[in-house]
Amino acid sequence: GAPWAPQDDSEFANDYGIVKIFDKSETGSWTTFLLGYNFDFDFARDFGMAIALSPDGNRIAVGGDGYVKVFEWSASTSAWGQVGSDLIDG
């Protein structure tokens with residue numbers, strides 16, 4: 001997949017983030033997975049300012065203002081889930 005981390009300054013929130021992970025199947029169709037936007041994250045802390053995807057594409061680290069969240073793909077549930085607790089700067 002390919003990560004993408006835009007920043008949004010809308011009328012609803014400032015500097016909240018979203019990470020989209022795109023996956024292309026063997027048949028050529030695309031699936032998009034969202035991290036952040038519809039989940040219970042701290043939007044005001046710049047979720048998605050920094051991202052790192054593992055070489056196999058099954059883990060992604062998403063950084064914000066002073067924290068990092070690590071997510072792992074589960075083939076059995078076809079979903080991304082957070083691994084452990086947030087890593088906090090300080």
Determine whether [X] and [Y] fall in the same hydrophobic cluster, where Ile, Leu, Val, Met, Phe, Trp and Tyr are linked whenever their side-chain heavy atoms lie under 4.5 Å apart.
X: L87; Y: V83; value: yes
X: F47; Y: L53; value: yes
X: V70; Y: W73; value: no
X: V68; Y: I51; value: no

On a heavy-atom basis, the closest approach of S54 and N58 is OG-N, 3.3 Å
Do V19 and F71 come within less than 4.5 Å of each other through their side chains, counting heavy atoms only?
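Side-chain contact under 4.5 Å: no.
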